[in-house]
Amino acid sequence: MSRRVVRQSKFRHVFGQAAKADQAYEDIRVSKVTWDSSFCAVNPKFLAIIVEAGGGGAFIVLPLAKTGRVDKNYPLVTGHTAPVLDIDWCPHNDNVIASASDDTTIMVWQIPDYTPMRNITEPIITLEGHSKRVGILSWHPTARNVLLSAGGDNVIIIWNVGTGEVLLSLDDMHPDVIHSVCWNSNGSLLATTCKDKTLRIIDPRKGQVVAERFAAHEGMRPMRAVFTRQGHIFTTGFTRMSQRELGLWDPNNFEEPVALQEMDTSNGVLLPFYDADSSIVYLCGKGDSSIRYFEITDEPPFVHYLNTFSSKEPQRGMGFMPKRGLDVSKCEIARFYKLHERKCEPIIMTVPRKSDLFQDDLYPDTPGPEPALEADEWLSGQDAEPVLISLRDGYVPPKHRELRVTKRNILDVRPPSGPRRSQSASDAPLSQQHTLETLLEEIKALREQVQAQERRITALENMLCELVDGTD
């Protein structure tokens, strides 16, 4: 009787390859802040990297096509008064990015499609609610303008960026510093890890811990956790002997791990990047010079080692491209942006195939840029899976979409002090009348300024003509 020894998998031969030298981004002063975030965020349009900056915090945003040496005077995104600790692109608008800082604030920025002439210093909105540094950001996967932040005050706040309001604040769930936060696929649950060595599954709208596991990894060093496609939790951490370890857990039964594997004795925290379409998890350790990747399946041992991409230089951080930004014509299933001390290098993961046709089995429909819910719908209890798109013809990013922030006026929601009277359709509110008058006055003033400028231009042209005539 013959026994199958080699496991059958279409991802068994995935290999990594660094891009050519002319495809890297050179002369970037990557931040040296001691913080366990990836320092890099990427989407189909832009690459953002946290950089060294005097007198505050900054990050640089480059169009993906702007490879090669970056000019030392290239405009930065500045505005924080202390180092930037984390950045995250909005999944529903490729021109919007959020940044978190040691100065306790979160700022949301609109990045133009053109290259700005000077530093971007004015965010669309600044979110203030944490009392200590903010080190973790994560956008909601399906609801528009919903952003999660976690700070050194052990508090998780969920914001409506469109209004600047706090939707939810989870205050009393973590007794110590929060190490990581991850949404599940439809944004109904959170998986968090904390310095108290506890892995928690939280329903944020009910404000309840649904399940928790103490000492998922027994070491004291930071843990990380991500949801998998099957609803399991994949974790990385350390053993009591400081060996790095990975685990797979079923939230319905936290007593025993589905899988638990020891790896090596390095000190760097393993950052997991999970691709739900292929169910492959990539592990990138800060200070490592390799990327290990594993396939998660329903068959024992559940977490299957695939391969390791190795290079000579250690990584300072790592960016992970969403699936819609990959080149499907080359069977590319993942792309990383590895941060060195002075440059950023793309690393491409490919499945070797002979055919040039679109590979349906490698590219199932994947989450697109359209949100499935509005913020208020999600807050009221609705859930929806991501709106999927096909990559058969490649992905073309939509044109520039502006994020509009509409702050609500607290005066508008105060109850009236006197008796109410009926209001006719033609009876406009006083605030609306005031707004119309203000706008008309502003338009009139601008027109007068334009006319004055035109008169000035005409006078200068006349002077120029007189000077030219005088020289003749």
Side-chain angles (χ1 to χ4, degrees), residues 31-39 41 50 53-59 77-88 90 96-109 121-140 145-183 187 189-209 212 220-225 269 375 379 405 407-408 410:
S31 175
K32 295 177 181 174
V33 175
T34 52
W35 189 254
D36 286 327
S37 75
S38 59
F39 285 7
I50 302 174
F59 59 98
V77 182
T78 60
H80 288 287
T81 56
V84 176
L85 301 178
D86 197 14
I87 49 178
D88 196 23
C90 176
V96 171
I97 188 169
S99 60
S101 170
D102 216 333
D103 65 8
T104 76
T105 67
I106 302 113
M107 293 183 178
V108 181
W109 309 83
T121 57
E122 291 296 324
I124 309 169
I125 192 166
T126 301
L127 306 173
E128 297 177 325
H130 289 280
S131 59
K132 292 185 179 179
R133 63 163 58 176
V134 186
I136 298 170
L137 288 176
S138 183
W139 291 90
H140 193 284
N145 295 342
V146 175
L147 176 66
L148 175 148
S149 64
D153 49 8
N154 312 336
V155 174
I156 292 175
I157 299 179
I158 299 174
W159 308 83
N160 181 348
V161 174
T163 61
E165 296 176 314
V166 174
L167 295 178
L168 298 164
S169 182
L170 309 177
D171 300 339
D172 304 320
M173 296 189 175
H174 300 89
D176 215 325
V177 176
I178 300 164
H179 286 149
S180 74
V181 182
C182 176
W183 296 96
L189 295 173
L190 297 171
T192 70
T193 60
C194 179
K195 195 176 179 181
D196 68 353
K197 299 204 292 187
T198 303
L199 167 64
R200 295 174 174 85
I201 310 300
I202 296 171
D203 184 329
R205 288 169 296 191
K206 291 181 180 177
Q208 294 177 352
V209 176
E212 61 182 358
M220 289 302 296
R221 291 186 57 75
M223 262 195 302
R224 289 285 187 276
V269 175
L379 187 63
V405 176
K407 291 191 176 180
R408 294 173 185 169
I410 57 168

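Not measured: the values here are computed from a predicted model.
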| message | What verdict does the side-chain contact (heavy atoms from CB on, under 4.5 Å) test give for Arg205 and Leu168, after you've listed the backbone C-alpha separation in whole Å, the side-chain angles of each residue and the deciding distance to 0.1 Å? | response | CA-CA 7 Å; Arg205 288 169 296 191; Leu168 298 164; 4.0 Å; yes
| field | Side-chain heavy atoms of Val134 within contact of Leu85, under 4.5 Å | value |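 They are not in side-chain contact.
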| Quick one: are His80 and Thr105 in side-chain contact, heavy atoms under 4.5 Å? |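 Yes, at least one pair of side-chain atoms sits under 4.5 Å.
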Give a yes or no answer on whether the side chain of [X] reaches the backbone of [Y] with a donor-acceptor pair at less than 3.5 Å.
| X | Y | value |
| --- | --- | --- |
| Asp153 | Ser131 | yes |
| Trp35 | Gly135 | yes |
| Asp103 | Thr81 | yes |
| Arg224 | His179 | yes |
| Thr193 | Met223 | yes |
| Ser101 | Pro83 | yes |

State, to 0.1 Å, how close [X] and [Y] come at their nearest heavy-atom pair, and which atoms those are.
| X | Y | answer |
| --- | --- | --- |
| Pro175 | Asn154 | O-ND2, 3.6 Å |
| Trp159 | Gly129 | CH2-N, 3.7 Å |
| Ala225 | Ser180 | N-OG, 3.4 Å |
| Asp86 | Ser37 | OD1-CB, 4.0 Å |
| Pro204 | Leu170 | O-CD2, 3.7 Å |
| Gly57 | Val84 | C-CG2, 3.7 Å |

| task | Assess whether side-chain contact (heavy atoms from CB on, under 4.5 Å) is satisfied between His130 and Ile106, documenting all intermediate values. | result | CA-CA 9 Å; His130 289 280; Ile106 302 113; 3.9 Å; yes
| query | Name the one of Glu212, His174, Arg200 that satisfies side-chain hydrogen bond (donor to acceptor under 3.5 Å, both in side chains) with Thr192? | reply |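 Only one option passes, and that is His174.
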Taking atom [atom1] of [X] and atom [atom2] of [Y], what is their separation to the nearest 0.5 Å?
| X | Y | atom1 | atom2 | result |
| --- | --- | --- | --- | --- |
| Leu379 | Asn160 | CG | CG | 9.0 Å |
| Ser169 | Ile157 | OG | CD1 | 4.5 Å |
| Ile124 | Ile97 | CD1 | CD1 | 11.0 Å |
| Asn145 | Trp139 | CG | CH2 | 6.5 Å |
| Leu147 | Cys90 | CG | SG | 8.5 Å |
| Glu122 | Thr78 | CD | OG1 | 9.5 Å |

| request: State which residues pass side-chain contact (heavy atoms from CB on, under 4.5 Å) with Ala150; sequence neighbours excluded, sorted by chain then number. | output: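 Ala150: side-chain contact (heavy atoms from CB on, under 4.5 Å) contacts with Ile136, Ile156, Ile178, Val181.
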| request: For Val269 and Arg221, run side-chain contact (heavy atoms from CB on, under 4.5 Å): C-alpha distance rounded to whole Å, both residues' side-chain angles, the deciding distance at 0.1 Å, then the answer. | output: CA-CA 8 Å; Val269 175; Arg221 291 186 57 75; 4.0 Å; yes
| said: Exactly one of Leu137, Thr126, Val161 should register a side-chain contact (heavy atoms from CB on, under 4.5 Å) with Val108. Which one does? | reply: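 When Leu137, Thr126, Val161 are each tested with Val108, the side-chain contact (heavy atoms from CB on, under 4.5 Å) holds only for Val161.
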| task | Only counting residues at least two apart or in another chain, list the ones meeting ring pair (Phe, Tyr, Trp, His ring centres under 6.0 Å) with His140. | result |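 In terms of ring pair (Phe, Tyr, Trp, His ring centres under 6.0 Å), with neighbours along the sequence ignored, His140 is linked to Trp183, Trp378.
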